[in-house]
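What follows is a set of notes on a single structure, which appears directly below.
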Amino acid sequence: MTSTTMSAAFEPAHRERLMCLAREASYDAGTRLFEEGRCADRFWIVRTGTIDLDIRVPGRRPAVVESLGHGELVGWSWHFPPYLWHLGAEAVTPVRTWEFDAEAVRTSCAADPAFGRAVAVWVGRVVTQRLHATRVRLLDLYAPHGSGDLW
């Protein structure tokens with residue numbers, strides 16, 4: 001389990017507060033959850049199944065940059081203005097999730113600064129991890145072989 005999963009990121013009281021805002025949602029394999037550049041008004045935590053994150057590449061099919069599974073956050077763009085998706089997401093298998101309304105979570109964060117900080121730290125960790133994964137994947141796909149290390 002990584003520090004980006006909800007169970008690792010939150011103390012029990014904050015996890016409970018977040019889960020009070022959740023609703024169950026299910027998606028069939030092949031369903032697009034969101035598209036890069038569109039309004040980011042919700043996010044999900046995967047309960048079962050796999051969701052691929054992808055990025056548009058001009059003249060090519062979208063490149064899958066990461067696959068997400070149990071306990072992982074799907075979507076972080078809802079947390080930062082202008083609230084537009086930075087990636088796309090598609091269910092690879094049938095998926096069950098906890099779905100959250102972004103505005104409701106942001107309102108709860110504003111009402112309780114400790115909870116808001118916990119959410120911000122969690123989302124920040126996810127963004128950092130996703131940025132690294134995206135960079136590695138794009139180098140795998142498009143950099144000349146043997147072009148060097150990331151660091």
For residues A89 and L53, report the shortest heavy-atom separation together with the two atoms involved. CB-CD2, 3.9 Å
Considering all heavy atoms, the nearest A102-A40 contact: CB-O, 4.3 Å
Say you draw a straight line from CG of D52 to CG of L87; how long is it, rounded to the nearest 0.5 Å? 11.5 Å
Measuring only between side-chain heavy atoms, which start at C-beta, is F43 closer than 4.5 Å to V123? no
Flag the pair E35 and R56 as a salt bridge only when some basic side-chain nitrogen lies within less than 4.0 angstrom of an acidic carboxylate oxygen. no
Under 4.0 Å between a Lys/Arg side-chain N and an Asp/Glu carboxylate O for D112 and R117? no
Supply the atom-to-atom distance H70 NE2 to I45 CD1, rounded to the nearest 0.5 angstrom. 10.0 Å
Close aromatic pair by centroid cut-off 6.0 Å: H86 and W76: yes
How about E90 and T31: do any of their side-chain heavy atoms sit closer than 4.5 Å? no
Go through it in stages, so that I can follow the logic: the residues are R47 and W98, the test is side chain to side chain contact (heavy atoms under 4.5 Å, CB included), and I'd like the CA-CA distance, side-chain angles, deciding distance and then a yes or no. CA-CA 7 Å; R47 295 171 59 210; W98 293 112; 3.3 Å; yes
D101/R106 under salt bridge (Lys or Arg N to Asp or Glu O under 4.0 Å): CA gap, chis, key distance, verdict: CA-CA 9 Å; D101 176 86; R106 289 192 302 263; over 6 Å; no
CZ (R38) and OG (S77) are apart, to the nearest 0.5 Å, by 14.0 Å
May I have the step-by-step check of side chain to side chain contact (heavy atoms under 4.5 Å, CB included) for V95 and T48, ending in yes or no? CA-CA 6 Å; V95 174; T48 63; 5.9 Å; no
Let me see the working for V105 and L18 under side chain to side chain contact (heavy atoms under 4.5 Å, CB included), right down to the final yes or no. CA-CA 7 Å; V105 174; L18 182 63; 4.1 Å; yes
Of all heavy-atom pairs linking G116 and C109, the shortest is CA-CB, 3.6 Å
As a quick check of understanding, evaluate side chain to side chain contact (heavy atoms under 4.5 Å, CB included) for L33 and I51, giving each step before the final call. CA-CA 9 Å; L33 277 74; I51 296 173; 3.9 Å; yes
CZ-CZ distance between R17 and F115, expressed to the nearest 0.5 angstrom: 6.0 Å
Centres of the Y83 and W78 rings: under 6.0 Å? no
For W44 and E99, does a side-chain donor sit closer than 3.5 Å to a side-chain acceptor? yes
